[in-house]
Amino acid sequence: MRTTGSTGGPAALRAAGVMRTYGKGGAAFTALHGVDVEVAQGRSLAIVGRSGSGKSTLMHLLALLDRPTAGDVEVSGRSASSLRADELDLIRNRTFGFVFQQFFLTAGQTVQENVSLPLVIAGVPPKERRERTTAVLEELGLADKAGNRANELSGGQKQRVVIARALVNEPSVIFADEPTGNLDTATGAQVEDILFGLQRDRGLTLVVVTHDPDLAARCDGSITIADGRIVERVEAA
Ligand code: ADP
Ligand code: MG
């Protein structure tokens with residue numbers, strides 16, 4: 001996987017020999033068996049493979065949501081194993097944006113409230129929260145939905161709100177786990193266009209878990225995982 005680019009700086013993300021074992025003793029199950037992958041700043045990587053192959057496990061490790069049993073993850077050259085929990089929290093909150101199905105919107109809260117959550121966590125004052133949330137909702141064509149409750153939206157609108165929430169803190173990396181998985185083809189294509197538009201226009205790094213070969217083909221590179229190992233690497237020209 002191409003990594004450092006012409007500047008020779010550190011990769012935005014790097015996994016070196018990461019292994020992840022769940023459970024202990026006789027119940028232990030190794031979901032990843034030593035995976036190496038790098039993503040340069042501004043590039044996109046697809047992680048593909050069958051259900052249960054270890055895609056989400058790898059993404060959670062890269063996103064510092066989980067720690068490897070062995071091996072290490074680096075973010076812009078900083079080794080995650082050397083960082084304290086509060087430093088990891090700060091990177092997740094300031095540097096990363098998440099488009100995950102398990103990070104659902106809070107149904108009864110408004111779009112505005114849902115999108116501003118990362119700014120609340122970051123301690124941004126209310127006025128600036130409102131301004132930044134409004135700007136990102138406008139960018140995603142959701143300005144007229146700001147006052148709607150999340151459960152009043154269509155699937156595609158909800159996913160755009162999730163993307164808005166991922167963007168509001170101006171991250172440099174977006175992690176998306178099956179971002180189009182629950183959407184119809186046309187709506188999924190719109191969500192893809194938004195994500196790749198952000199990569200192009202803002203220089204965001206994009207890591208996408210997907211079952212969809214067409215989505216994977218739009219990324220700059222892809223890795224295919226089977227039974228916790230990388231079995232194929234593709235690098236776009
Ligand atoms: P994918 O995203 O490719 O569908 P996952 O990374 O979610 O796969 O899971 C890989 C394997 O690890 C699966 O066999 C899954 O059952 C197992 N697994 C995932 N999370 C846990 C967990 N918290 N505890 C035990 N096993 C898990
Ligand atoms: Mg998964």
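One-based numbering, in listed order, for ligands and for the atoms of each.
Excluding water, every protein N/O/S atom under 2.8 Å from the Mg ion (ligand 2) is given here by residue and atom: Ser56 OG.
When only non-hydrogen protein atoms are considered, atom 25 (C) of ligand 1 lies nearest to Tyr22 CB, 3.4 Å. When only non-hydrogen protein atoms are considered, atom 3 (O) of ligand 1 lies nearest to Lys55 NZ, 2.8 Å. When only non-hydrogen protein atoms are considered, atom 7 (O) of ligand 1 lies nearest to Ser56 CB, 3.7 Å.
Within the 4.5 Å cutoff, the side chain of Val208 has no heavy atoms near those of the Leu45 side chain. Ile230 has its side chain out of reach of Thr224: every pair of non-hydrogen atoms, C-beta onward, lies at least 4.5 Å apart. Contact of the Val120 side chain with the Arg129 side chain is registered, since non-hydrogen atoms from C-beta on lie closer than 4.5 Å. Within the 4.5 Å cutoff, the side chain of Gln41 has heavy atoms near those of the Ser172 side chain.
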Stepwise salt bridge (Lys or Arg N to Asp or Glu O under 4.0 Å) check, Glu139 with Arg202: CA-CA 13 Å; Glu139 185 178 348; Arg202 296 192 180 200; 2.6 Å; yes

Go through the steps for Glu235 and Arg43 under the test salt bridge (Lys or Arg N to Asp or Glu O under 4.0 Å), then give the verdict. CA-CA 11 Å; Glu235 177 77 34; Arg43 306 274 288 178; 2.7 Å; yes

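Taking a cut-off of under 4.0 Å to the non-hydrogen atoms of Ser51, the atoms of ligand 1 that pass are 4 (O).
Put simply, the residue from Thr110, Val162, Ile163, Val161 that forms a side-chain contact (heavy atoms from CB on, under 4.5 Å) with Val115 is Val161.
Within a 6.0 Å sphere centred on CG of Asp227, other residues, nucleotides and ligands contribute 12 heavy atoms or fewer.
Evaluated by nearest non-hydrogen atom to atom 8 (O) of ligand 1, the leading choice among Ala28, Gly54, Gly23, Ala226 is Gly54. For the residues Asp66, Leu58, Ile225, Thr57, the heavy atom positioned nearest atom 9 (O) of ligand 1 is part of Thr57.
Ring planes of Phe175 and Phe96: perpendicular class, angle over 60° (limits at 30 and 60°).
Considering backbone and side-chain N/O of Gly52, one or more are found under 3.5 Å from N/O of ligand 1.
Note that atom 15 (C) of ligand 1 has no protein non-hydrogen atoms nearby, at separations under 4.0 angstrom.
Under the 6.0 Å cut-off for aromatic ring centres, His60 and Phe98 do not qualify, their centroids lying 6.0 Å or more apart.
Look at Arg50 and you'll find a heavy atom under 4.0 Å from some atom of ligand 1.
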